[in-house]
**Student:** 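Mind looking over this structure? Questions follow.
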Amino acid sequence: MRIQNNTRETLSFNLKGKAKDGHPPTGSIAPGEVEDLDVDPEDAQFKGRVVAGAISVPAKVAEKVEATVAVEAPAKGK
């Protein structure tokens, strides 16, 4: 999936694939860069970055992530 890093920091992502020595495969994107990475759209860190605007992804993916995050959000305190 095409991902743009909107931050001033290099961002690392867990990629789909088999873990080696207990560590998942990773990929990174430099500040302001756009890369094609095979990221799991169900990854919590990925979802948080989409909702926070730290990364830009295709509109269809962003809409799906935002919809699931809105549904999964915990209820406000009593």
Side-chain angles (χ1 to χ4, degrees):
M1 143 182 3
R2 194 156 200 75
I3 303 172
Q4 179 175 347
N5 180 350
N6 299 326
T7 71
R8 294 182 185 180
E9 299 178 17
T10 298
L11 297 177
S12 294
F13 296 88
N14 290 332
L15 303 177
K16 293 179 184 177
K18 192 172 182 178
K20 290 184 181 178
D21 297 324
H23 300 286
T26 60
S28 61
I29 305 174
E33 296 293 325
V34 177
E35 297 285 336
D36 284 319
L37 297 177
D38 192 18
V39 177
D40 179 5
E42 295 302 316
D43 181 67
Q45 186 178 56
F46 174 80
K47 288 180 179 181
R49 288 175 173 168
V50 170
V51 173
I55 59 174
S56 296
V57 295
K60 191 172 189 176
V61 174
E63 289 170 7
K64 185 175 180 181
V65 166
E66 290 170 358
T68 61
V69 169
V71 170
E72 295 172 1
K76 298 209 179 199
K78 295 179 182 179

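All values derive from a computational prediction rather than experimental measurement. Positions are given from 1, in the same order as the sequence printed here.
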**Student:** Which pair of heavy atoms, one from Asn6 and one from Ser56, lies closest together, and at what distance?
**Tutor:** ND2-OG, 2.8 Å

**Student:** Show me the side-chain donor-acceptor pairs of residues 10-23 shorter than 3.5 Å, one per line, residues at least two apart or across chains.
**Tutor:**
none

**Student:** Are side-chain heavy atoms of Ile3 and Val34 found at a separation under 4.5 Å?
**Tutor:** no

**Student:** Is Asn5 reaching over with its side chain to a backbone N or O of Glu9, donor-acceptor style, under 3.5 angstrom?
**Tutor:** yes

**Student:** Identify the two heavy atoms, one from Val61 and one from Met1, that lie closest to each other, and give their separation to 0.1 Å.
**Tutor:** CG1-SD, 3.9 Å

**Student:** Under the side-chain hydrogen bond (donor to acceptor under 3.5 Å, both in side chains) definition, can you give me all pairs with a residue in residues 31-40, not counting sequence neighbours?
**Tutor:** Arg2-Asp36

**Student:** Any ion pair linking Lys47 and Glu42 (charged N to carboxylate O, less than 4.0 Å)?
**Tutor:** yes

